Protein chains: 2
Amino acid sequence: MATRADVARLAGVSASTVSYALSGVRPISAETRERIESAMAELGYTPNAFARGLAGSRTGIIALHFPFTQRGLNASEFEYLHAASERARTSGSHLLLWMNPADDLAELRRLSSQGLVDGVILMEVQTEDARIAVLQETGVPFVLIGRTADTTGLSYVDSDFEEMGRLAVGHLADLGHRSILFLSQSEQLAKDGYGPIVRGQRGVEVECAARGLAVRVEHAAARIGAGRDVHERVRHDVPEVTAVVSMNEQALVGFIEAARDQGRAVPADLSVMSLGAGDSSAELVQPALTTVSPPAAEMGARAVDHLLKVVAGAGGEIQELITAPLHVRASTAAAPSAPSSSRE
Amino acid sequence: MATRADVARLAGVSASTVSYALSGVRPISAETRERIESAMAELGYTPNAFARGLAGSRTGIIALHFPFTQRGLNASEFEYLHAASERARTSGSHLLLWMNPADDLAELRRLSSQGLVDGVILMEVQTEDARIAVLQETGVPFVLIGRTADTTGLSYVDSDFEEMGRLAVGHLADLGHRSILFLSQSEQLAKDGYGPIVRGQRGVEVECAARGLAVRVEHAAARIGAGRDVHERVRHDVPEVTAVVSMNEQALVGFIEAARDQGRAVPADLSVMSLGAGDSSAELVQPALTTVSPPAAEMGARAVDHLLKVVAGAGGEIQELITAPLHVRASTAAAPSAPSSSRE
DNA sequence: CATTCTCGTCGACGCGCGTCGACGATGCGC
DNA sequence: GCGCATCGTCGACGCGCGTCGACGAGAATG
């Protein structure tokens, strides 16, 4: 608990000289600097974060607002976190985790009015996101992971889910599939305007139209049982479906189980792929899932980079759209020939 | 950005009166309090966190030290995080996420010397954990999630992995299994003294001894391929094994795949169960895994509770051992009768 | 009625640091 | 030799709040 004054006394200089030695804002002679540094080492001095935050303009703390959603938390969410934390650390900032509900705007306002943080990273961004107005009001810099419908003046990092949807359909079309199921999240989530879902679906539909494929959209809660229900409906209504593009990890597992129960093997009879699922969970299911998944770690790190730039007053918005790679694993294969698709 | 002085001016009182109205440390007349409160509301006043931290003794910030380990990050790790964050929030504290490597003690010392946090929660605790000495040195209160070999004077929340191991073996023994495989993490991790592994294995061995079961221990990296390798070894060396207790989610998936490739079905020919896997990931694999898993959410919340008590000067250590429930799902069944166990 | 206490409020100070203005000591050009 | 800019250092102040001692006004006590 040594203070700046202690260091100054031991080094035989004034307190402000210690500050300048630390910040480099004004020149310090090599000899003085050395005396100060050894004094700091001897005392084990670490500047007090609160005094810094009070006196200075920067606080060295950024917050990650990660509202808890209806969707379960996948391992990939964790990667964002980890990467952001890591990057913040190497940039000399602390990362605060705010996990209060997205609709508790009063709480968000309170938190961001405390002057605690230099800036905020918003996760789970909706196409219309009320949090943005709050943050603009309080004047706290922020960047989005994801993006809203209108992004003028906003900084964000997002993966291009529309492109990802097209990529997925392209892969399946190339394998000869002609009729596709898009397995979405709950209708509620889509209505709320959860960007990835909205854009992913659009990409799938656009590419299907372009390639002349039929597409069926099914909503399901993020539960295994919901996936089984979907399979039942699809089996009756559109038995010609031979491939699934899923944005619902949990439901997909149920869907696959149900298909298997009906004697349809993946990928021989049915190809499935996952949009946005983390690579780690894609390999937990059997067969390992072909995915188009955003590079979560990279995005988390980029978000921190952008935020720090914005905080430093980069001026103007920083917008970045990252395209996700197609990762072919064991769950997709050539479409079955006629006999198989006419089964049931 | 209204300050206490602004509120005081508007309410027609002194600045210190505003403070006392906020903290309740000294009595304030109802009338004055009301004037102050409406002034605060009108100005949208929020006390500055840094000034509070500087002037007061408490900072309102706690840190979660979550070192990145060799093991992958499971969904259950996320639950700790979420629960801790949630509980911190409802207790009026901020949660800081420190994800630097466990062996970077200098960094940990620096972080905890900044006077930023009231206390620290340590995750991924080893049986001998060097971080503890650092924290004791810097005088920052802390609690463990997990525990060390010697816990005198330390506060912790841990799940009773030894008990969990016994529970698992009991379940399998009741189903008639007589020869068991314990699928561990890498040998390195066990040597490092990662508590759950060490204690889980002990529990398994103790209960096997008590019930007269044979047990084989295999180490594997947290990768699917490693699990396949283990299966190969086990198939040759101890073909009589009919049940697996796993503390390695990733390897277990590989093991199950390999078994299936060899024509051994789960759970008809082979029962498997997972120790410590989160419930969500247990249901992603097929068949859904029987587990004995610690209530991550509860533990995360309890850790925060304990820490806040310790910070408040509860005096003495707070130690809590939580027993995890056995959750029977589809991956365990009665041991196959003789013909099946003599296969190969 | 005088005295002591309690209640409600005020002013002052300190927490540890960033930063501004000032100032002595140099170095330079003329 | 003198004026002037530059370098290195110092003292003072302010950031916004918690808290301590003091103090006036009543209430309680004799």
Side-chain angles (χ1 to χ4, degrees), chain A residues 1-37 39-40 43-61 92 94 110 112-118 138 312, chain B residues 1-37 39-40 43-61 92 94 110 112-118 138 312:
Chain A
M1 275 312 191
T3 72
R4 185 180 65 163
D6 297 329
V7 175
R9 202 173 308 124
L10 184 58
V13 297
S14 79
S16 57
T17 302
V18 175
S19 277
Y20 289 123
L22 235 33
S23 69
V25 169
R26 287 189 184 180
I28 297 288
S29 70
E31 182 213 0
T32 305
R33 157 165 288 121
E34 196 154 320
R35 279 217 314 284
I36 292 176
E37 274 168 5
M40 293 196 304
L43 295 172
Y45 169 73
T46 311
N48 179 288
F50 281 98
R52 279 204 150 155
L54 227 207
S57 55
R58 294 274 299 281
T59 71
I61 303 182
H94 290 275
R110 199 181 61 73
S112 48
S113 301
Q114 286 184 107
L116 228 201
V117 301
D118 286 330
T138 59
Chain B
M1 273 311 190
T3 72
R4 185 181 65 164
D6 298 328
V7 174
R9 202 173 309 122
L10 184 58
V13 297
S14 78
S16 57
T17 302
V18 175
S19 277
Y20 289 123
L22 235 35
S23 69
V25 170
R26 287 190 184 178
I28 296 288
S29 71
E31 185 213 358
T32 305
R33 158 165 289 121
E34 196 154 321
R35 279 217 314 285
I36 292 176
E37 275 169 5
M40 293 196 304
L43 295 172
Y45 170 73
T46 311
N48 180 289
F50 281 97
R52 279 205 150 153
L54 226 207
S57 54
R58 295 273 299 281
T59 72
I61 303 181
H94 289 276
R110 200 180 59 74
S112 48
S113 301
Q114 285 184 107
L116 227 200
V117 300
D118 286 329
T138 59

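Every chain is numbered from 1, with letters handed out A, B, ... down the list of sequences. Because the structure is predicted, anything quoted here is derived from the model rather than measured.
Between B:Glu31 atom CD and D:dA25 atom C1' the separation is 15 Å, expressed in whole Å. Atom CG of B:Leu54 and atom C1' of C:dC13 are 14 Å apart (whole Å). Rounded to an integer number of Å, the gap from CD of A:Glu34 to P of D:dG8 is 15 Å. Note: CD (B:Gln114) to P (C:dG16) measures 15 Å, nearest angstrom. Nucleotide C:dT6 holds its P atom 14 Å from the CZ atom of B:Arg26, rounded to whole Å. Residue A:Tyr20 contributes atom OH, which lies 7 Å from atom P of C:dC20 at whole-angstrom precision. Rounding to whole angstrom units, CE of residue B:Met40 and C1' of D:dG16 are separated by 15 Å. One can place CG of A:Asn48 at 14 Å from C1' of D:dC17, the figure rounded to the nearest angstrom.
Note on B:Thr17: every side-chain N or O is 4.0 Å or more away from OP1 and OP2 of C:dT9. Distances shown here put a side-chain N or O of A:Arg52 below 4.0 Å from the OP1 or OP2 atom of C:dG18.
Mapping B:Gly56 and B:Arg33 onto DNA chain C by nearest heavy atom places B:Arg33 closer to the 5' end of the strand. Residues A:Phe50 and B:Ser14 both approach DNA chain C. Their nearest nucleotides, taken by heavy-atom distance, put B:Ser14 toward the 5′ side.
Side chain of B:Thr59 to main chain of B:Leu116: a donor-acceptor pair is present (N/O by atom type, distance under 3.5 Å, no hydrogens or angles). Panel note: side chain A:Arg35, backbone A:Ala11; a donor-acceptor pair is recorded below 3.5 Å.
The side-chain heavy atoms of A:Leu22 and A:Tyr45, taken from C-beta on, include a pair separated by under 4.5 Å.
Using a 4.0 Å heavy-atom criterion, one finds that B:Ile28 contacts the sugar-phosphate atoms exclusively. Contact annotation for A:Ser19: base contact, defined as any heavy-atom pair under 4.0 Å involving a base atom. Contacts of B:Val13 with the nucleic acid, taken as non-hydrogen atoms under 4.0 Å apart, involve only primed sugar atoms and P, OP1 or OP2. At a threshold of 4.0 angstrom between heavy atoms, the contacts of A:Arg4 include nucleobase atoms, whether or not backbone atoms are also involved. Among the heavy atoms of the strands lying under 4.0 Å from B:Thr3 are primed sugar atoms or P, OP1, OP2 only; no base atom is included.
Side chain of A:Pro27, nearest nucleotide from D:dA22, C:dC17, D:dG8: D:dG8. For B:Ser16, taking side-chain heavy atoms from C-beta onward, the closest of the listed nucleotides C:dA12, C:dT9, C:dA22 is C:dA12. Minimum atom distance to the side chain of B:Ala55 is reached by D:dG18, of the listed D:dT19, D:dG18, C:dA22.
For the 3.5 Å distance criterion, the side chains of B:Ser19 and B:Ser16 fail to qualify, holding no donor opposite an acceptor.
Closest heavy-atom contact between B:Asp118 and B:Ser57: OD1-O, 4.2 Å.
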